[in-house]
There are 2 protein chains.
Amino acid sequence: MGRARPGDGEHKYLTVRAYLADLVTQELEVGDAVPSERTLTEKFGVSRMTVRQAIDALVTEGVLHREQGRGTFVAPPRADFEMRLTTFGEEARRRGMEPGTRVLVAETQAAPPSVAEALGQAEGAPMHRVVRLRSADGSPMCIEEAWVPVDLAPDLLDGGVPESLYGALRERGLAPTWGEETITASDATPAEEHALELTASRAVMRTVRRTFAGDTPLMYSRSSYRGDRYSVFVPLREARPTLVPTTSRATEGKVS
Amino acid sequence: MGRARPGDGEHKYLTVRAYLADLVTQELEVGDAVPSERTLTEKFGVSRMTVRQAIDALVTEGVLHREQGRGTFVAPPRADFEMRLTTFGEEARRRGMEPGTRVLVAETQAAPPSVAEALGQAEGAPMHRVVRLRSADGSPMCIEEAWVPVDLAPDLLDGGVPESLYGALRERGLAPTWGEETITASDATPAEEHALELTASRAVMRTVRRTFAGDTPLMYSRSSYRGDRYSVFVPLREARPTLVPTTSRATEGKVS
DNA sequence: GCGTGCAAGTGGTCCAGACAACCAGCCGGC
DNA sequence: GCCGGCTGGTTGTCTGGACCACTTGCACGC
């Protein structure tokens, strides 16, 4: 009892953090106050610094929100809308639609130059290539072409095309951690027009995405979305002067 | 607002933070180590807690990077590409092009319902409305329509349309702090087709943006960009399981 | 009725230590 | 020459206080 709880938490601030995270997901609603710092201090028998460390972590994650003199509150889930590394399926479900997929191409071939360069591979390196037509609630939404270097996951397509490429990569210890995407708008090609069943509007939104796990490029993908049925929500942060470190021309010759 | 002692630093951790920020922007390069925590403790005569608070702030901003047992180092400037609240002019210059603007409409009128709702104003509230054709390196790039509530900046258009709406708002103490943008692709209207001098491709990228200063909505704007000449770069963060708070039964309709 | 001022409670900042975990390099033993 | 331990330096975690700034509610006085 009295002594430090063994087993559950290696670090005290993590146990406090876990307690608060549970509170948020289980009991509290947006706008509710969490217990005050001094209350938590007593409840867990730790110092206030430790409690603050736990709260700090949740604040920087956007889960909690402090107000001096009033308390600490559950923040609205603004993170819900942020652009994240999600797959088409996850994204569709989040928007309340039922995703569907039809595999058009699944093969292993040599990488064309643009793809090889984007993934930092040698030109002609063997790559898995998957082209899929993705739909939401039964009607076509997007055509997606994805490339994955064979050496990262040689057996990626062995049991057929996996339900989720990201999921299959995660199972192999290659969880995507970050990515970058470029969005453009253009007219549909005849092939796209047919596959996406475009009638009135012929505009499509194209995205080119590179996905990384740490430093290693995982996947290069190009998608074309129906312009009339798809939109992207982007949160914009303040344009502060960014605090750029000194750039040295020595960079090229720099070490290693 | 500011507070307290007139001296130099309001809070000690801010002076340490400022010192480190200067170091990063003036002297150090990416990968260099900043002075150790104990060194800073002596240099500024503060406790280690205070030094850590300063460093923590810069770490969560992505400026610094800790490594246990080794030290604290200048992080690579990943912020360079992030979507930010920039104006067309700033953005064009950042991409190395010379921005131009032609004002098509500048007037003050009653807000239509959709605009009033987006800005949290009463329907029919007076608003400044500015429509501009924006170009880069001489050729048209985008048509932008912006609405600003009159009561926020009554004299906004008095001296003609300002060079930068964001700049004019900043001068009035209404610096934009955050925003949200929805991006879609669609076919150009005949008017857009003419103004943007579209020939081969008729696709445009449309953005709808709300800009805020703290809690107060500042501006509602709709833009149409030439699909063949404009692209948006979006960094993607890891899709972590997001820690969603309990949804209140008060918010109806929301399915869990 | 109404404002004013006070007190309690909250987060914000700060101190002066402590020990643990980790890393690099030096140095002796093999 | 190589390996292992030692050592000094670094960040990570944590204590138990302190005072300040801010918000809120309530009692009091007008």
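Values below: every heavy atom of this structure, side chains too, minus hydrogens, waters and symmetry copies. Lettering follows sequence order; numbering is per chain, from 1.
Close to D:dG17, at under 4.0 Å from its OP1 or OP2, lies no side-chain N or O of A:Ser47. Between B:Ser36 and D:dG9, a side-chain N or O to OP1/OP2 separation shorter than 4.0 Å is absent. When the side-chain nitrogen and oxygen atoms of A:Thr72 are compared with OP1 and OP2 of C:dG11, one or more of them lie within a distance under 4.0 Å. In this structure, B:Arg70 reaches the C:dA24 phosphate: one of its side-chain N or O atoms is under 4.0 Å from OP1 or OP2. The side chain of B:Arg52 contributes no N or O atom lying less than 4.0 Å from OP1 or OP2 of D:dT11.
Counting atom types as modelled, B:Arg38 pairs a side-chain N or O with a base atom of D:dT11 as donor and acceptor under 3.5 Å.
Counting to the nearest Å, the C1' atom of D:dT13 and the CZ atom of A:Arg17 are 16 Å from each other. Distance CG (B:Asp56) to C1' (C:dC14): 14 Å, rounded to an integer number of Å.
Between B:Val34 and A:Thr50, it is B:Val34 whose nearest contact on DNA chain D lies nearer the 5' terminus. Each of A:Thr39 and B:Met49 has a nearest nucleotide on DNA chain C; the 5'-most of these lies closest to A:Thr39.
Closest to the side chain of B:Gln53, from the set C:dG12, C:dT13, C:dC15, is C:dT13.
A donor-acceptor contact shorter than 3.5 Å links the side chain of A:Arg210 to the backbone of A:Ala118.
More than 12 non-hydrogen atoms from other residues, nucleotides or ligands lie less than 6.0 angstrom from CD of A:Glu67.
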